[in-house]
Amino acid sequence: MNHPPPQTTTITTRTTVKKLRENPTPSSKIPFQSRKIRKLTTTATAVDNDPTKSPHPPLIKIPKSLSTKPEIDAAINHLRSSDPLLAALISTHPPPKLPPCNSPFLSLTKSIIFQQLATKAANSIYTRFVSLCGTHSDVVPNRVLSLTPQKLRETGVSARKASYLHDLSDKFSTGFLSDTLILTADDETLFRMLTSVKGIGPWSVHMFMIFSLHRPDVLPVGDLGVRKGLQCLYGLKDLPKPMQVEQICEKWRPYRSVGSWFMWRLMEAKTTKGNNGNAQSVVEDDQSGGF
């Protein structure tokens with residue numbers, strides 16, 4: 001039996017397909033779904049790289065704060081378990097209660113005014129300063145910048161502190177600092193930003209971070225009250241230097257602010273006993289600010 005060569009079959013098949021394409025029969029009309037090519041990757045990347053086009057604003061991460069009772073309780077429990085000597089001291093004092101901070105800018109102006117002054121004198125000057133601005137809510141960067149050094153000096157603020165207040169206000173008005181930046185910056189970044197302001201040194205930043213922002217893990221290594229408290233608590237022969245303070249308090253992490261607070265309470269209690277209850281706070285009287 002003779003078979004046609006393979007090439008004939010191939011040619012016939014191709015011819016049939018061609019004819020079907022040119023003159024389709026009802027049975028050959030196979031529907032095909034139209035497909036569009038979308039460049040998804042390019043579009044997504046453009047949105048990701050342009051925050052103005054993002055459908056959701058970036059989330060602001062607020063650092064941990066000692067403003068809540070659960071966080072205070074966690075700090076107390078950690079310090080009790082990590083340091084037996086501190087645990088005994090904690091048992092003799094109530095836990096810290098830190099007042100709220102409504103305006104970081106206002107707190108910083110107060111910190112500058114109170115530098116190197118006795119509490120009574122500083123309070124008088126600060127009260128006159130606030131009155132010059134109007135009220136506490138009127139102590140804002142633009143208002144302080146509008147006050148001449150001479151006007152500020154009439155409240156009792158020194159010429160040097162007047163320049164400090166103007167530098168702080170200028171950094172706020174230009175956007176280098178803001179309440180939002182201060183509240184959301186990590187401890188290290190915040191320290192760098194604030195110490196760039198004239199007249200604000202490490203000690204003032206540490207006090208601001210603890211008592212205004214309630215940051216949990218701040219260790220003011222240069223603070224005289226903390227150093228004396230450690231010397232007393234551990235029975236040290238000499239006042240510990242800043243490097244020794246770091247080493248001793250390493251076990252307090254991440255709640256060194258609360259450990260420091262108890263050092264102040266320890267020294268405050270000792271001072272009160274020595275002065276028949278007429279002593280002022282160690283924190284308020286400390287002159288080791290490093291300005």
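Residue numbers run from 1 in the order of the sequence given.
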Q: Go through the structure and list residues passing salt bridge (Lys or Arg N to Asp or Glu O under 4.0 Å) with K171, not counting sequence neighbours.
A: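 Per chain and number, K171 pairs via salt bridge (Lys or Arg N to Asp or Glu O under 4.0 Å) with D167.
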
Q. Of all residues at least two apart in sequence or in a different chain, which pass the salt bridge (Lys or Arg N to Asp or Glu O under 4.0 Å) check with E250?
A.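 Applying salt bridge (Lys or Arg N to Asp or Glu O under 4.0 Å) to E250 gives R253.
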
(Q) Listing request: all ring pair (Phe, Tyr, Trp, His ring centres under 6.0 Å) pairs with a residue in residues 223-260, at least two apart in sequence or in separate chains. (A)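 Non-adjacent pairs meeting ring pair (Phe, Tyr, Trp, His ring centres under 6.0 Å): H78-Y255.
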
Q: Could you please spell out the steps behind the side chain to side chain donor-acceptor pair (under 3.5 Å) verdict for S178 and T180?
A: CA-CA 5 Å; S178 70; T180 301; 4.7 Å; no

Q | Approximate separation, where rounding is to 0.5 Å, of R256 CZ and I210 CD1 | A |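 Going from CZ on R256 over to CD1 on I210, the span is 10.0 Å.
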
Q | L194 side, atom CG; S204 side, atom OG - distance, nearest 0.5 Å | A | 10.0 Å

Q) Under 30°, 30 to 60°, or over 60°: which ring-plane class applies to F262 and H93, parallel, tilted or perpendicular? A)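 Judged by the thresholds at 30° and 60°, the geometry between F262 and H93 is perpendicular.
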
Q: For the pair Y126 and F114, name the ring-plane relationship: parallel under 30°, tilted 30 to 60°, perpendicular over 60°.
A: perpendicular

Q: Could you list the residues that satisfy ring-ring contact (aromatic ring centres under 6.0 Å, His included) with F172, not counting sequence neighbours?
A: F105

Q | Summary of salt bridge (charged side-chain N to carboxylate O under 4.0 Å, His left out) pairs that have at least one residue in residues 102-113, sequence neighbours excluded | A | none

(Q) Main chain of L165, side chain of S169: is a donor-acceptor contact present, judged purely on distance under 3.5 Å? (A)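 Yes, because the side chain of S169 sits within donor-acceptor range (under 3.5 Å) of the backbone of L165.
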
Can you give each donor-acceptor pair under 3.5 Å made by side-chain atoms of residues 146-153, sequence neighbours left out, with the distance rounded to 0.1 Å?
{"from": "S146", "atom 1": "OG", "to": "R143", "atom 2": "O", "distance (Å)": "2.6"}
{"from": "S146", "atom 1": "OG", "to": "R143", "atom 2": "NH1", "distance (Å)": "3.3"}
{"from": "T148", "atom 1": "OG1", "to": "K151", "atom 2": "N", "distance (Å)": "3.1"}

Indicate, with yes or no, if [Y] and [X] share a hydrophobic cluster defined by side-chain heavy-atom contacts under 4.5 Å among Ile, Leu, Val, Met, Phe, Trp and Tyr.
X    : Y    : value
M243 : V221 : no
V140 : F176 : no
L117 : M207 : yes

